[in-house]
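Notes follow the structure.
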Amino acid sequence: MFCPLVWLCSAGSLPSPMPPIPLPPTPCAADSTPRPAGDAVPHRSRKPITRRQRCRITTTSSSSALYAARVLIADAPTPRAFSALFKAASSSSPSPSPSPSQSLGAQLHAQAVVRGFLGDVDNTILSTAILNFYASCREPDLARRVFDRMARRSAVTWNALIKGYAQAGRRDEALALFRCMRRQDGVAPDKYTFPALLSGIGRNRSGGCVQELGAAVHAQVVKSGLDKDPFVGASLLSMYAATGALEDVKAVFDDMDTLDPVVWSSMISAYVNCKEEEAALLTFYKMLCQDITPRQFVYSSLFAICGSMSMLEMGRQVHAHSLKNITDNDAAMTNALLTMYSDCGCIDDAWRVFDSNDIVDVISYNSMILALGQHAHPKEAVELFKRMKFSGLIPDEVTLLNLLSAFNHAGLVHEGLHLFNSMLDIEGIKPSYQHYACVIDMLARSGEIEESMKTIKEMPFEAETPLWRIVLGACSKHGDIETGMKIAEMLFEKEPYEPTNYILLGNIYARLGRWTETENIRSLMEKSGIDGDDAFSWIEMGQRTHRFGVDDRAHPISEEIYRNLDRLMGSIKAAGYVPDTSFATHSTGKNRREESLRYHCEKLAFAFGDLASPSGDTLRIMKNLRVCGDCHSAYKYFSLVTGRKIVLRDNHRFHHFYKGACSCRDYW
DNA sequence: GTAGGGTTAG
């Protein structure tokens, strides 16, 4: 049986040191003779460094740090000064290509060698600073080279190297180092070690028994007496949240007995990760009751909850709350706010947040392009993409995916294919599986099923079942029974218990009026005990969420809702609505099929909203599955006869109904 | 010379 404690205490060995290698290129290669400490390289000016310049080294961007570094080296070229400079170089964010901070660090490293600062046996502090610099740049192997050359290593040295491997996603090497550290005399894991190690376990969920590893490290935390430390506790919470172990998350939190804001923030985010939105909100209220002022991180999590659940009123309240407590702008929080408004169906509010944002980054643009695509504004998405490039920001793979998705939602196949075919040459981004999946979805959805199958065969990736399901859905939409059956058979083999596969094939038969086959599939599902997801819709009204299933009569004012729906159906029929019984999935006669469409959940939700809100108000309705074609038609007429704007969010996108038309132009 | 929490796709 696996024993965490035994595992952690096992005699794992530190990977053997690598052979010595040349240090990073030095700009002073010609002057490579090490100089004793304090022997300064000749310089042009010796202006004394000011207090403000020293401060800038540790607090500001790498370009300011570089300037300050030059001044400081000229002024006080001591090992201690170099350590401070490496700290400045480490503070900027890592980048995959050689960044200014990396080149600055490499220059400093060379200077330190040239000046002989690393020849001294007692160079632990400076070497650790250099090691930490490479670790921060996601270059753990370079950090390891510095580590291997050190005569003495402190706990700080070990911690920095463990962090380097953990943050680069190299969990096993981080763990091997941790085991080695435990065996060293005079060095013991401390409150810095565990956060570094735990972040790596949470980050890398592939391979090994992640939960057992986490539990093993947790046991070591307790053994070290650090389980009450807020930094260690927050790391433990996040690690357990990443592995989905909510009970362990709660146990750690309950044991903490802390008022530390980051621990509360981690707890809220853990609930969000585990899809426990109500518990997250409750924790937020408890946090406020403890007089802890929330920071940006907390609001980001709350906006994500309100968006995912389409709780607009709650979202507005949280937004107002954040305005009272947060004075400094933060890109991530603002981006979360933008997405919250979009997810709640308020694309105009999302625009307002985007336009008023002082710090606009790649994710801001990506989020807004995504929102515009989901709300059927492909032209604006393209304009924003151009604006993004004009501003100097470089689009990434998500940008192109979101833009492709905007074309897909609008059925702009030609534009989508043009972007896809030119993305490597023009934007320098190689299409990933997701880009292929989006294009295949676009082709199939538009009726080009043969072309989509050809693309699946030709793409350099193996198609996964969700992608096949998308094409099967398109076969249902376009009545391609031959291809649909082939895909369904393959899917039944791979996923015999996935209900959607059966439902989609059943829908193909139903839409072609082949009721015998439809019933056969239905009885096969029943015999096999396979249950599909029940469709439901919901609407926020009077600070409450009202949920409706199909033919649902559970609502307290159900009778009034049904009466209103019957009245509305009469009105829209008079205006020209004709029920589309091809969307009914039962074989019973035409009248019964019409009846079965009448009380679909999205129609009930609209009838309730119409009853419960002042005439003329916009109604925002959500559905957990794709909107039914007949309901889509009915909604257009609802908007016509009631004069209301209706925003319907389904599991894929938004439909804006107004004056008898939908923003999707009947393409979805 | 070292540490924890948040945002974008499908």
Side-chain angles (χ1 to χ4, degrees), chain A residues 79-80 82-87 90 123-133 135-136 153-164 166-167 190-199 202 226 229-239 241 260-270 272-273 294-305 307 330-340 342-343 361-371 373-374 396-406 408 432-438 440-441 464 466-467 469-470 651-652:
Chain A
R80 181 68 73 164
F82 269 84
S83 298
L85 291 170
F86 275 107
K87 185 181 179 186
S90 306
N123 63 13
T124 311
I125 291 179
L126 177 55
S127 291
T128 301
I130 297 172
L131 185 160
N132 186 53
F133 161 74
S136 304
R153 297 155 186 149
S154 68
V156 180
T157 319
W158 284 90
N159 293 344
L161 190 60
I162 289 171
K163 182 193 77 175
Q167 292 191 341
D190 58 18
K191 61 184 179 177
Y192 291 88
T193 316
F194 289 106
L197 188 62
L198 287 162
S199 72
L226 291 166
D229 181 87
F231 280 76
V232 177
S235 312
L236 272 173
L237 281 180
S238 307
M239 181 274 295
D260 183 284
V262 176
V263 172
W264 283 85
S265 170
S266 305
M267 189 65 219
I268 291 170
S269 139
V272 176
N273 282 346
R295 303 298 303 159
Q296 288 99 330
F297 281 81
V298 173
Y299 289 112
S300 298
S301 297
L302 295 175
F303 291 144
I305 294 172
D330 179 286
M333 188 189 80
T334 314
N335 294 338
L337 178 65
L338 182 166
T339 301
M340 185 273 286
S342 169
D343 284 348
D361 61 9
V362 172
I363 295 181
S364 313
Y365 275 98
N366 290 357
S367 306
M368 197 63 220
I369 289 170
L370 171 71
Q374 289 175 327
D396 64 11
E397 64 274 12
V398 179
T399 320
L400 297 189
L401 185 63
N402 293 357
L403 196 55
L404 270 177
S405 167
N408 183 15
S432 69
Y433 179 82
Q434 283 81 5
H435 295 103
Y436 273 97
C438 189
I440 289 160
D441 182 354
E464 293 168 15
L467 181 54
R469 228 182 333 276
I470 285 172
N651 62 347
H652 196 52

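In what follows, every heavy atom counts, from backbone to side chain, and hydrogens, waters and symmetry copies are set aside. Convention: sequence-line order gives letters A, B, ...; per-chain numbering from 1.
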So, for A:G373 and A:A406, which heavy atoms are closest and what is the spacing to 0.1 Å?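 What the structure gives for the nearest pair is CA-CB, 3.6 Å.
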Between [atom2] on [N] and [atom1] on [X], what's the gap in Å once rounded to a whole number?
{"X": "A:L198", "N": "B:dA3", "atom1": "CG", "atom2": "P", "answer": "15 Å"}
{"X": "A:K191", "N": "B:dG1", "atom1": "NZ", "atom2": "P", "answer": "16 Å"}
{"X": "A:D190", "N": "B:dA3", "atom1": "CG", "atom2": "C1'", "answer": "9 Å"}
{"X": "A:Y433", "N": "B:dG10", "atom1": "OH", "atom2": "P", "answer": "14 Å"}
{"X": "A:K163", "N": "B:dG1", "atom1": "NZ", "atom2": "P", "answer": "13 Å"}
{"X": "A:I268", "N": "B:dG4", "atom1": "CD1", "atom2": "P", "answer": "19 Å"}
{"X": "A:Q434", "N": "B:dG10", "atom1": "CD", "atom2": "P", "answer": "10 Å"}
{"X": "A:L370", "N": "B:dA9", "atom1": "CG", "atom2": "C1'", "answer": "7 Å"}

Going by modelled atom types, is there a donor-acceptor pair between the base of B:dG10 and the side chain of A:D441 at under 3.5 Å?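 A donor-acceptor contact between them is absent.
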Kindly say whether, by distance alone, the side chain of A:T124 makes a donor-acceptor pair under 3.5 Å with the base of B:dG1?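 Between B:dG1 and A:T124, which were checked side chain against base, a qualifying N/O pair under 3.5 Å is absent.
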Taking the side chain of [X] as its heavy atoms from C-beta onward, which of [options] lies nearest to it?
{"X": "A:Q296", "options": "B:dG4, B:dT8, B:dG6", "answer": "B:dG6"}
{"X": "A:I470", "options": "B:dG4, B:dG10, B:dT2", "answer": "B:dG10"}
{"X": "A:N402", "options": "B:dA9, B:dG1, B:dG4", "answer": "B:dA9"}
{"X": "A:S265", "options": "B:dA9, B:dG5, B:dG1", "answer": "B:dG5"}
{"X": "A:F297", "options": "B:dT2, B:dG5, B:dG4", "answer": "B:dG5"}
{"X": "A:P195", "options": "B:dA3, B:dG6, B:dG1", "answer": "B:dA3"}
{"X": "A:T339", "options": "B:dG5, B:dT8, B:dG6", "answer": "B:dT8"}
{"X": "A:S235", "options": "B:dT2, B:dG6, B:dG4", "answer": "B:dG4"}
{"X": "A:R295", "options": "B:dA3, B:dG5, B:dG6", "answer": "B:dG5"}
{"X": "A:A129", "options": "B:dG5, B:dG1, B:dT8", "answer": "B:dG1"}

Regarding [X], tell me which of base, sugar-phosphate or nothing describes its non-hydrogen contacts under 4.0 Å with the strands shown.
{"X": "A:T334", "value": "nothing"}
{"X": "A:T128", "value": "base"}
{"X": "A:V263", "value": "base"}
{"X": "A:D361", "value": "nothing"}
{"X": "A:P466", "value": "nothing"}
{"X": "A:T399", "value": "nothing"}
{"X": "A:S266", "value": "sugar-phosphate"}
{"X": "A:L401", "value": "base"}
{"X": "A:N159", "value": "base"}

Partner set under salt bridge (Lys or Arg N to Asp or Glu O under 4.0 Å) for A:D190, not counting sequence neighbours: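 Not a single residue meets the salt bridge (Lys or Arg N to Asp or Glu O under 4.0 Å) criterion with A:D190.
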A:T157 side chain N/O closer than 4.0 Å to the phosphate oxygens (OP1, OP2) of B:dG1?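 Answer is no, no contact under 4.0 Å.
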Look at A:Q167 and B:dG4 and indicate whether a side-chain polar atom (N or O) is within less than 4.0 Å of OP1 or OP2.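 Yes, because at least one side-chain N or O of A:Q167 sits under 4.0 Å from OP1 or OP2 of B:dG4.
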Under the side-chain contact (heavy atoms from CB on, under 4.5 Å) criterion, do A:L226 and A:F194 qualify, and how do the steps go? CA-CA 9 Å; A:L226 291 166; A:F194 289 106; 3.7 Å; yes
A:N366 and side chain to side chain donor-acceptor pair (under 3.5 Å): which single residue from A:D396, A:N402, A:D361 fits?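 Between A:N366 and the candidates, side chain to side chain donor-acceptor pair (under 3.5 Å) is satisfied uniquely by A:D396.
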Strictly by modelled atom types, are A:S367 and A:N335 linked by a side-chain donor-acceptor pair under 3.5 Å?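 A:S367 vs A:N335: no donor-acceptor pair found between side chains.
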Could you list the residues that satisfy side chain to side chain contact (heavy atoms under 4.5 Å, CB included) with A:L197, not counting sequence neighbours?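 In terms of side chain to side chain contact (heavy atoms under 4.5 Å, CB included), with neighbours along the sequence ignored, A:L197 is linked to A:I162, A:A174, A:L175, A:F178, A:V217.
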Applying the side chain to side chain contact (heavy atoms under 4.5 Å, CB included) criterion to A:T128, which one of A:T157, A:N123, A:L161 satisfies it?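 The option that passes is A:T157.
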